[in-house]
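The structure appears right after this line, and notes come after that.
All chains are named by letter (A, B, ...) in the order of the sequence lines, taking the proteins before the strands, and each is independently numbered beginning at 1. Being a predicted model, the structure only gives us computed values, none of them experimental. Side chains are part of it too, since the values below use all heavy atoms of this structure and drop only hydrogens, waters and symmetry mates.
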Amino acid sequence: MMSMKFIERSSQVMAYVLLTVCACITLVPFIWLGFAALRNPEVYFDFQFIPRVRHVQMMEAPENPELRKVWAQVLPSEGMEISAATELVGADVVNQARNEHLIEYRNGKVAWDMMSLQYFKRLLAGNEFPFARSFLNSVFYASVTAVFATLFCAMGGYALAKFEFKCRTLFTRIVLMALVIPGSLLLAPGYQLLFKLGLLDSYWGLILPGLAPAFGVFLFRQSMLNAVPTELMESARIDGCGEIRLFFEMILPMVRPMLGAFLLITFLGCWNNFIGPQIVLQTPSKFPLAVAIAQLKGIYSTEYGLLMAGTILSIAPVMALFLLLQKEFISGLTSGAVKG
Amino acid sequence: MSLSRTHPAWVPYFFIAPFLLIFSVFMVYPLVSSISMSAFQSYGPQFSTFVGLDNFKNVFLDPDFWTAVKNTLIYSCASVMIQLPLSLGLALLLNRPDVKAKGFFRLIFFSPALVGLVFVAILFGLLLGARDGLVNEVLRQVIPGFPAEFFWLQRYVMPALIIASLWIYVGFNMVYFLAALQSINRDQIEAAMIDGANAVQRFVHVILPAIKPVAGFVVLLSIIGSLQLFELPFILLGGAGPENRGLTLVMYLYQNGFEQNDLGYASAIGWILAIFLMGIAIVHRRLTREEL
């Protein structure tokens, strides 16, 4: 009996260890990203995470009498901070001595003064790059699309789930068939259509095609089939409730978790959408974050800190939204798979 | 499941109208027009000449297309063979009744899926940097004699893409598996334990059959998603990468349609991809149906 318990106990510990290791691997890129955005450019490449104060220390090394003499004069035996050494002998001498293995670097305390919000300030000041503008563009594009797509899909799903009418089966079939059409098939003809309608390089051209996802109508149809009792609709009608009021005041609250989940899914999809705005928009001031950041990569490819700060500012809002609506989001995501 | 019959006739049409209108204009119309577009060679949206089936012929004769097919299939296989077992493993660990803080772990594992592919590409572009990326730094510490500069983004493009995709999707797919595992009746598993089934037997005979529908769904989702890979290599490599090592089918479509401006050719590629995906969906349906 003892050994049985021991096995159980140790397998539990193993499970925790494995889970913790995996959680760390998942989180490390985020942490790395955070420190990369905070490190000052002078020390960016010297550290992977937190910048430290660097000490210079003399080593037993190949002779270079000239250089050795310089160092013997300035360097105390316990070493000195690299900034002080640079001030005394100049950066060239420091580098040369390092290359010739005459000195070595030791990491000391955390160098708080080597971290700053300078990249965030540069991005948000917007003198070089209209970052704040792109941020607002993303907020606008994602929220308008999410709100109206959710509304139209809920309405459509309601019609297909709860009403007997002539074309019901036909429409349901069409929606089901549309689920298997890959989005990339619509890129070229969609572009041509937007050109004909004069909607290229406009937000209408970006938002309108996203307002009728077949997937959304399907999800709402599925959830309303079960969640909305038909008798309730009929008794509300007898009480003189109008059809539109019925929908907004009774039906929508019944599928509230689905509404939240679908809003978030659509918002996230638009926020992270790259290929759509990349094709439709041409004016840089209209770019949402995904396209703007891709441009930033092209222009400032060597300013890693700036790129990382931009990435943080771009993913932070969706992370925050997700934290708020986590439960609804995950239940919405899996509802189709597990129940259906 | 009963349907309402006491409503005025206009009501269902009113509710479905906004969806149907936008759906017809922005989904059905482009879908139909792409059939005719695929028979034209075009330059931008305005100029085109009829070429019949030549677009399809040229796609199949283009070595770049076959490079894209090869890369996409490699990535897709890796997604299913590496990612999904890891997802299932994590879900099994997390589903143990003696593991607490499930919500906390699930939150962490899921979080990369929220990061858009563009942002993932930028992050991994630096993480996989040859000299100063974290991945190489760790590998240099762990593996003695690991090269000072290891060029993920030049020579090992596919492994780089797969590493990035693991980070994004393992937790995402885990959420599905976990939901499926949680819906299994615990009594069943306990009954198997009383009958003396060990962990492997329980997994094969009780758990696996119970999660089969969800597993099938996740496999299909992964295949379809991975076959449409585009943003990750496009941003990570700034295009197709050295020797087209990161060229994928959707990138091939994008290059032809929006860099060479041949929308007709792009429509043809779109149809080839769509027919392929629909074929997979049909095969998948057949397989899962027979098992039920």
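Looking at N272(A), its side chain never comes within 3.5 Å of a backbone N or O of L117(B) through a donor-acceptor pair. Side chain of Q12(A) to main chain of D98(B): a donor-acceptor pair is present (N/O by atom type, distance under 3.5 Å, no hydrogens or angles). Although no hydrogens or angles enter the test, the distance criterion places no donor-acceptor pair under 3.5 Å between the side chain of E164(A) and the main chain of T6(B).
By the 30° and 60° cut-offs, the orientation of the rings of F15(B) relative to F163(A) is parallel. Classified by interplanar angle (parallel below 30°, tilted 30° to 60°, perpendicular above 60°), the ring pair W167(B)/F30(A) is tilted. The aromatic rings of F258(B) and Y191(A) sit perpendicular to each other, their planes meeting at more than 60°, with 30° as the lower class boundary. In this structure, F234(B) and F274(A) have tilted ring planes: the angle between them lies in the 30° to 60° band.
Of the atoms belonging to L127(B), heavy atoms from both backbone and side chain fall under 4.5 Å from chain A. For a residue to count as touching a neighbouring chain, one of its non-hydrogen atoms must lie under 4.5 Å from one of that chain's; by this rule F109(B) touches chain A with backbone and side chain alike. Contacts of V115(B) with chain A are made by both backbone and side-chain atoms, with heavy-atom separations under 4.5 Å. Proximity to chain A (any heavy atom under 4.5 Å) is restricted, for L20(B), to the side chain, taken from C-beta onward. In this structure, chain A has no heavy atom under 4.5 Å from any part of R131(B). Heavy-atom distances place the backbone of L236(B), and not its side chain, under 4.5 Å from chain A. Looking at L151(A), there are no atoms closer than 4.5 Å to chain B (heavy atoms on both sides), in backbone or side chain. With a threshold of 4.5 angstrom between heavy atoms, F23(B) approaches chain A through its backbone and through its side chain. Both the backbone and the side chain of V99(B) come within contact range of chain A, judged by heavy atoms closer than 4.5 Å. Interface remark: R5(B) contributes backbone and side-chain atoms alike to the contact with chain A (heavy atom separation under 4.5 Å). Contacts of V217(A) with chain B are made by side-chain atoms alone, with heavy-atom separations under 4.5 Å and no backbone atom involved. Contacts between F14(B) and chain A at a heavy-atom distance below 4.5 Å involve backbone atoms as well as side-chain atoms. For F276(B), no part lies near chain A; criterion is any non-hydrogen pair under 4.5 Å. Contact of Y265(B) with chain A is not made at all, since no heavy-atom distance falls under 4.5 Å. For L277(B), the part sitting under 4.5 Å from any heavy atom of chain A is the side chain, from C-beta outward, and nothing else. Proximity to chain A is limited to the side chain of M37(B), based on heavy atoms less than 4.5 angstrom apart.
Side-chain contact between Y254(B) and I279(A) is present, with at least one heavy-atom pair separated by less than 4.5 Å. Side-chain contact between E243(A) and P8(B) is present, with at least one heavy-atom pair separated by less than 4.5 Å. Between L90(B) and L19(A) the shortest side-chain heavy-atom distance falls below 4.5 Å. Side-chain contact between M155(A) and P18(B) is present, with heavy atoms from C-beta onward closer than 4.5 Å.
Annotation: R9(A), atom CZ; neighbour count of heavy atoms from other residues, nucleotides and ligands within 6.0 Å does not exceed 12.
For the atom pair L18(A) CG and L93(B) CG, the distance stands at 5.5 Å (nearest 0.5 Å).
Heavy-atom pairs under 4.5 Å with chain B peak, among R237(A), E234(A), M319(A), E8(A), at R237(A). If you tally non-hydrogen atom pairs under 4.5 Å between each of I275(A), L187(A), L289(A) and chain B, the highest count goes to I275(A). In terms of heavy-atom pairs under 4.5 Å with chain B, the best-connected choice from L208(A), L323(A), L211(A), I25(A) is L208(A). Taking chain B as the reference chain and counting heavy-atom pairs below 4.5 Å, the highest number among F195(A), W32(A), W271(A) is found for W32(A). Put simply, of A294(A), S11(A), G210(A), the one with the most heavy-atom pairs under 4.5 Å next to chain B is S11(A). For the set A159(A), A188(A), P229(A), the count of heavy-atom pairs under 4.5 angstrom toward chain B peaks at A188(A).
Of the residues listed (V318(A), L33(A), I312(A), I315(A)), the one engaging F119(B) in a side-chain contact (heavy atoms from CB on, under 4.5 Å) is I315(A), and it is the only one.
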Point to revise | Residues L197(A), F26(B); criterion side chain to side chain contact (heavy atoms under 4.5 Å, CB included); working and verdict | key: CA-CA 11 Å; L197(A) 297 173; F26(B) 291 101; 4.2 Å; yes

**Study point:** L185(A) and S34(B): CA distance, side-chain angles, deciding distance, side chain to side chain contact (heavy atoms under 4.5 Å, CB included) verdict
**Key:** CA-CA 8 Å; L185(A) 173 57; S34(B) 72; 4.2 Å; yes

